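Following: one structure in structure tokens, then a few remarks.
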Amino acid sequence: MNAVTLKDLAKELNLSINTVSRALRNMPDISEETKKIVRETAERMNYQTNMAASMLRTNRSKAIGVIVSDINNPVFSGMIKGVTFACKEAGYSILLSNTNEDYEEELSAVKSMLQRNVDGILLFPSMVGDGSVQELIAKKIPFVMVGRYFSSINTNIVMNDDVHGGYLAAEHLFQKGHRNFIYITGSLKMSSSSERLTGFRQYLTEHGLSEKAVEVHETEATWKGGYKAMLNILKIGTSATAVFAFSDFMAMGILKALRKHNIHVPSQMAVIGYDDIDFCELTVPALTTIDMSKFRLGKRAAELLIRDINTPAKDRIIQRIIMEPKLIVREST
């Protein structure tokens with residue numbers, strides 16, 4: 001049996017080949033109703049896109065590069081699920097690269113994605129430098145920064161409202177009676193790290209406490225980093241009764257260190273994380289955290305990128321999408 005072609009679909013639907021092609025590519029000038037009918041007909045007739053021919057015809061790969069900073073951190077897998085969902089809906093595949101929070105690896109990943117002729121890039125930056133972003137701007141390829149951003153660069157951003165998330169964490173701990181705090185975080189060069197601290201301190205100052213009421217400890221943004229930092233704090237000694245962790249991943253290391261020293265959570269030390277990864281329900285005790293809508297954030301980032309890919313460069317509008325966080329109370333506070 002001969003393969004079904006665009007011409008066959010067009011004849012079946014009584015549409016032009018160009019209209020069918022643009023509908024399958026999710027182009028903005030085609031109505032959603034038409035796109036739906038074309039997709040359903042293509043599926044019913046078992047139409048398979050000839051990707052090589054499509055690339056030659058449109059100079060598009062129908063692939064998006066996704067560059068994440070730490071694939072070991074479950075928060076990124078949650079966001080990638082959202083990215084994958086949006087890409088599948090729009091007929092795009094993804095190429096994934098992990099940088100391990102390494103700036104040189106990030107630069108290399110960007111160059112590799114460009115060589116592979118991806119149509120656009122979702123970048124979860126390491127924040128050590130902005131060279132990779134400048135490279136994308138210079139190459140005039142559509143891209144969206146996800147989760148973190150450089151305040152000096154005006155570009156598409158999809159992120160969590162980290163200031164408000166830090167504020168919510170401080171509010172919860174303060175209302176639980178705590179007045180001395182620890183913030184264990186990755187590098188404060190990361191916008192997400194510094195803004196969570198800003199929000200946390202904002203609540204404290206609004207309620208009569210000094211910024212010095214929170215001890216800040218920078219470390220590797222992994223569970224091992226959280227573990228080592230908490231061990232060092234316990235070794236030195238602290239008056240704090242509550243810990244705010246930059247991420248749930250780090251909070252797990254913090255809980256491990258507290259167990260090692262037989263410090264009961266939450267009666268002797270409360271712990272609150274950030275991200276609401278699936279494992280929060282499985283920690284002992286279950287982890288209180290800030291939900292930053294991982295799936296929705298990834299989905300919105302991919303949708304924004306695909307919009308730009310399918311919009312002429314002169315008509316693109318830079319957009320900053322901020323997702324609202326919410327407090328999830330469990331047993332650790």
Side-chain angles (χ1 to χ4, degrees), residues 3-10 12-13 15-68 76-77 79-98 109-124 132 135-137 139-146 155-156 158 295 297-317 319:
V4 176
T5 66
L6 282 175
K7 185 177 180 181
D8 296 327
L9 289 178
E12 176 75 12
L13 291 162
L15 296 171
S16 70
I17 292 175
N18 183 56
T19 298
V20 172
S21 174
R22 294 182 72 77
L24 290 172
R25 287 183 285 135
N26 199 36
M27 300 300 281
D29 60 327
I30 306 298
S31 72
E32 291 303 318
E33 182 181 359
T34 299
K35 289 176 187 176
K36 183 174 184 292
I37 293 170
V38 171
R39 284 195 293 262
E40 288 175 348
T41 303
E43 185 174 350
R44 174 171 56 80
M45 295 179 67
N46 198 28
Y47 170 74
Q48 300 293 322
T49 304
N50 185 327
M51 293 305 296
S54 178
M55 282 185 65
L56 288 172
R57 184 174 63 253
T58 66
N59 197 31
R60 296 276 184 85
S61 64
K62 294 293 287 185
I64 285 173
V66 181
I67 301 174
V68 300
F76 289 110
S77 63
M79 285 191 275
I80 290 168
K81 284 181 180 178
V83 170
T84 302
F85 180 87
C87 287
K88 184 177 180 181
E89 286 281 296
Y92 284 80
S93 60
I94 67 170
L95 297 176
L96 180 64
S97 183
N98 178 46
V110 166
K111 290 176 181 178
S112 176
M113 292 294 183
L114 292 173
Q115 289 170 357
R116 294 183 181 209
N117 197 39
V118 295
D119 293 335
I121 289 177
L122 294 176
L123 176 63
F124 300 72
S132 56
E135 176 79 3
L136 293 171
I137 292 172
K139 297 297 184 182
K140 298 182 179 179
I141 182 172
F143 74 96
V144 175
M145 293 183 68
V146 188
T155 188
N156 285 325
V158 178
F295 180 91
L297 192 148
K299 181 174 178 287
R300 289 294 299 277
E303 288 171 345
L304 177 56
L305 180 60
I306 292 166
R307 182 208 70 179
D308 265 16
I309 290 170
N310 292 312
T311 302
K314 63 181 178 63
D315 297 327
R316 291 173 189 158
I317 300 171
Q319 194 168 348

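What you are looking at is a predicted structure, and each value in this text was computed from that prediction instead of being measured.
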Quiz item: In Å and rounded to the nearest 0.5 Å, what is the CG to CD1 distance from L13 to I37?
Solution: 7.5 Å
Quiz item: Does a side-chain heavy-atom distance below 4.5 Å link M79 with V146?
Solution: yes
Exercise. Please report the shortest heavy-atom distance between G120 and L305, naming the atom on each side.
Key: C-CD2, 3.8 Å
Exercise. Give a yes-or-no answer on whether the side chains of D8 and T5 include a donor-acceptor pair shorter than 3.5 Å.
Key: yes
Exercise. Indicate yes or no: does K36 engage E33 in a salt bridge with an N to O separation below 4.0 Å.
Key: no
Quiz prompt | Between CZ on residue R44 and CG on residue L9, distance to nearest 0.5 Å | solution = 9.0 Å
Quiz prompt | Nearest atoms (heavy-atom pairs only) where I306 meets A90 | solution = CD1-CB, 3.7 Å
Quiz item: Can you tell which of I30, L24, T19 makes a side-chain contact (heavy atoms from CB on, under 4.5 Å) with V38?
Solution: L24
Quiz item: Should L6 and Y47 count as side-chain neighbours, where that means a heavy-atom distance under 4.5 Å?
Solution: yes
Quiz item: Can you check whether E135 reaches L114 side chain to side chain, under 4.5 Å on heavy atoms?
Solution: yes
Self-check item: Passing candidate, side-chain contact (heavy atoms from CB on, under 4.5 Å) with L122, options V144, I94, L304
Solution: V144
Quiz item: Would you call E43-R39 a salt bridge at under 4.0 Å N-O?
Solution: no
Quiz item: So, for C87 and I64, which heavy atoms are closest and what is the spacing to 0.1 Å?
Solution: SG-CD1, 3.8 Å
Quiz item: How far does OG1 of T84 sit from NZ of K299, to the nearest 0.5 angstrom?
Solution: 13.0 Å
Practice problem: Starting at NZ of K111, measure out to NZ of K139 and round the result to the nearest 0.5 Å. | Solution: 9.0 Å
Self-check item: Closest heavy-atom pair and its distance - L95, R116
Solution: CD1-CD, 3.7 Å
Self-check item: Reported CG-to-OG distance for the pair L15 and S21, which is rounded to 0.5 angstrom
Solution: 12.0 Å
Quiz prompt | Step-by-step salt bridge (Lys or Arg N to Asp or Glu O under 4.0 Å) determination, E303 to R307 | solution = CA-CA 6 Å; E303 288 171 345; R307 182 208 70 179; over 6 Å; no
Quiz item: Do M145 and F124 have side chains that get closer than 4.5 Å, going by heavy atoms?
Solution: no
Quiz item: Side chains of S31 and T34: does their closest heavy-atom pair fall under 4.5 Å?
Solution: yes
Quiz item: In this structure, are over 12 heavy atoms from other groups packed under 6.0 Å from R22 atom CZ?
Solution: yes
Quiz item: Hey, is the main chain of P28 close enough, under 3.5 Å, to the side chain of N310 for a donor-acceptor pair?
Solution: no
Practice problem: Provide the closest heavy-atom pair for S132 versus L123 in the form atom of the first, atom of the second, distance. | Solution: OG-CD2, 3.8 Å
Quiz item: Within 45 degrees of the axis of the six-membered ring of Y92 and under 6.0 Å from its centre: does K62 put its NZ or CZ there?
Solution: yes
Exercise. Taking all heavy atoms of D119 and all of I141, pick out the closest pair and write down the distance.
Key: O-CG1, 3.8 Å
Quiz item: With distance as the sole test, does D315 use its side chain to make a donor-acceptor pair with the main-chain N or O of T311 at under 3.5 Å?
Solution: no
